[in-house]
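The structure appears right after this line, and notes come after that.
Read the numbers this way: they start at 1 and go in the same order the structure lists the ligands and their atoms. It should be emphasised that the depicted structure is a prediction, and the values quoted were computed from it without experimental measurement. Sequence positions, counted from 1, serve as the residue numbers for this chain.
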Amino acid sequence: FTGIFPGQLSIVVPVCNEQDSLIQLCLELQSGVRNAVSDYEIILIDDGSTDNSWKVIQELSHRESNVRGIRFRRNFGKAAALTAGMEVAGGTLILMLDADLQDDPAEFPALLQKIQDGYDVVNGWKQRRLDPWHKVYPSKVFNWMVGRMSGLMLHDHNCGLKLFRVEVAQEVQIYGELHRFIPVLAHARGF
Ligand code: UDP
Ligand code: MG
């Protein structure tokens with residue numbers, strides 16, 4: 001996508017013991033999205049970290065006016081963290097990604113292009129070229145099974161990098177392990 005998306009983007013990041021990656025993540029996010037959207041916010045949800053993640057989040061949110069932090073009393077899991085972030089999100093688009101630098105924010109314009117093409121949900125694909133066979137194989141079986149059962153064939157249902165319209169977040173409720181199935185749940189609702 002080469003133009004500037006007119007709406008606001010809310011970036012929702014679940015954080016559990018990620019003190020060492022948060023600063024770099026925010027830098028990469030700024031450069032990944034800055035030129036593609038007119039306005040964006042970064043919402044970091046501390047899901048009961050026992051390291052210094054919350055301290056880093058506080059520093060970042062004091063320094064950057066578009067960074068916000070939410071802190072859970074204890075660990076509630078990734079789906080709960082994402083839900084809390086989406087509840088306060090003000091954007092018309094939601095970008096979710098993992099805090100551990102496994103998802104590359106530089107891919108954002110490519111995802112945004114698909115939204116511009118009319119899609120409601122765009123799912124990342126971690127190609128795992130460097131992973132050993134005992135990680136690659138179960139992941140292939142998982143994706144194939146989920147695809148067969150749901151009717152939605154994706155390379156990587158489990159990828160933490162997803163971009164979707166806010167209407168999807170409003171309709172699809174996630175808890176437990178359901179964050180893995182946002183595209184499936186959205187597909188079932190006609191998105
Ligand atoms: N995470 C979280 N709560 C948890 C476990 C993980 O918020 O109880 C966050 C974690 O900080 C990361 C994302 O969820 O940003 C994915 O976690 P992880 O890397 O452990 O998952 P995987 O890559 O194995 O799917
Ligand atoms: Mg990870």
Any idea which protein heavy atom is nearest [atom], and the distance to it?
atom	value
atom 6 (C) of ligand 1	Cys16 CB, 4.0 Å
atom 23 (O) of ligand 1	Gln102 OE1, 3.1 Å
atom 8 (O) of ligand 1	Asn75 ND2, 3.0 Å
atom 7 (O) of ligand 1	Pro14 CB, 3.3 Å
atom 14 (O) of ligand 1	Lys78 CD, 3.4 Å
atom 17 (O) of ligand 1	Asp98 OD2, 4.6 Å
atom 3 (N) of ligand 1	Asp47 OD2, 2.6 Å

For this session: State whether the number of non-hydrogen atoms from other residues, nucleotides or ligands found under 6.0 Å of Met153 atom CE is greater than 12.
Result: yes

Tyr119, OH atom: more than 12 neighbouring heavy atoms under 6.0 Å
no

Here the atoms of ligand 1 under 4.0 Å from any heavy atom belonging to Ala99 are 12 (C), 15 (O)

If we number the atoms of ligand 1 from 1 as shown, the ones under 4.0 Å from a heavy atom of Glu18 are 10 (C), 11 (O), 12 (C), 15 (O)

Non-hydrogen protein atom less than 4.0 angstrom from [atom]:
atom	answer
atom 11 (O) of ligand 1	yes
atom 25 (O) of ligand 1	no
atom 19 (O) of ligand 1	yes

Can you find a heavy atom in the side chain of Arg189 that is under 4.5 Å from one in the side chain of Glu171?
yes

Flag [X] as yes when one of its N or O atoms lies below 3.5 Å from any N or O atom of ligand 1, and as no otherwise.
X	value
Arg180	no
Gly77	no
Asn158	no
Ala81	no
Lys126	no

Practice problem: For His187 and Pro183, indicate whether the former's side chain and the latter's backbone hold a donor-acceptor pair under 3.5 Å. | Solution: no

Is a donor on one side and an acceptor on the other found under 3.5 Å between the side chain of Ser21 and the backbone of Glu18?
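Side chain of Ser21 to backbone of Glu18: a pair is present.
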
Check your understanding: Do the charged groups of Asp98 and Lys78 touch, with an N to O distance under 4.0 Å?
Key ->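 Yes.
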
Review point. Is Asp156 salt-bridged to Lys126, going by a charged N under 4.0 Å from an acidic O?
Key: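 Judged by the 4.0 Å cut-off on N to carboxylate O distance, Asp156 and Lys126 do not form a salt bridge.
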
Of all the N, O or S atoms in Asp100, the one nearest to the Mg ion (ligand 2) is OD2

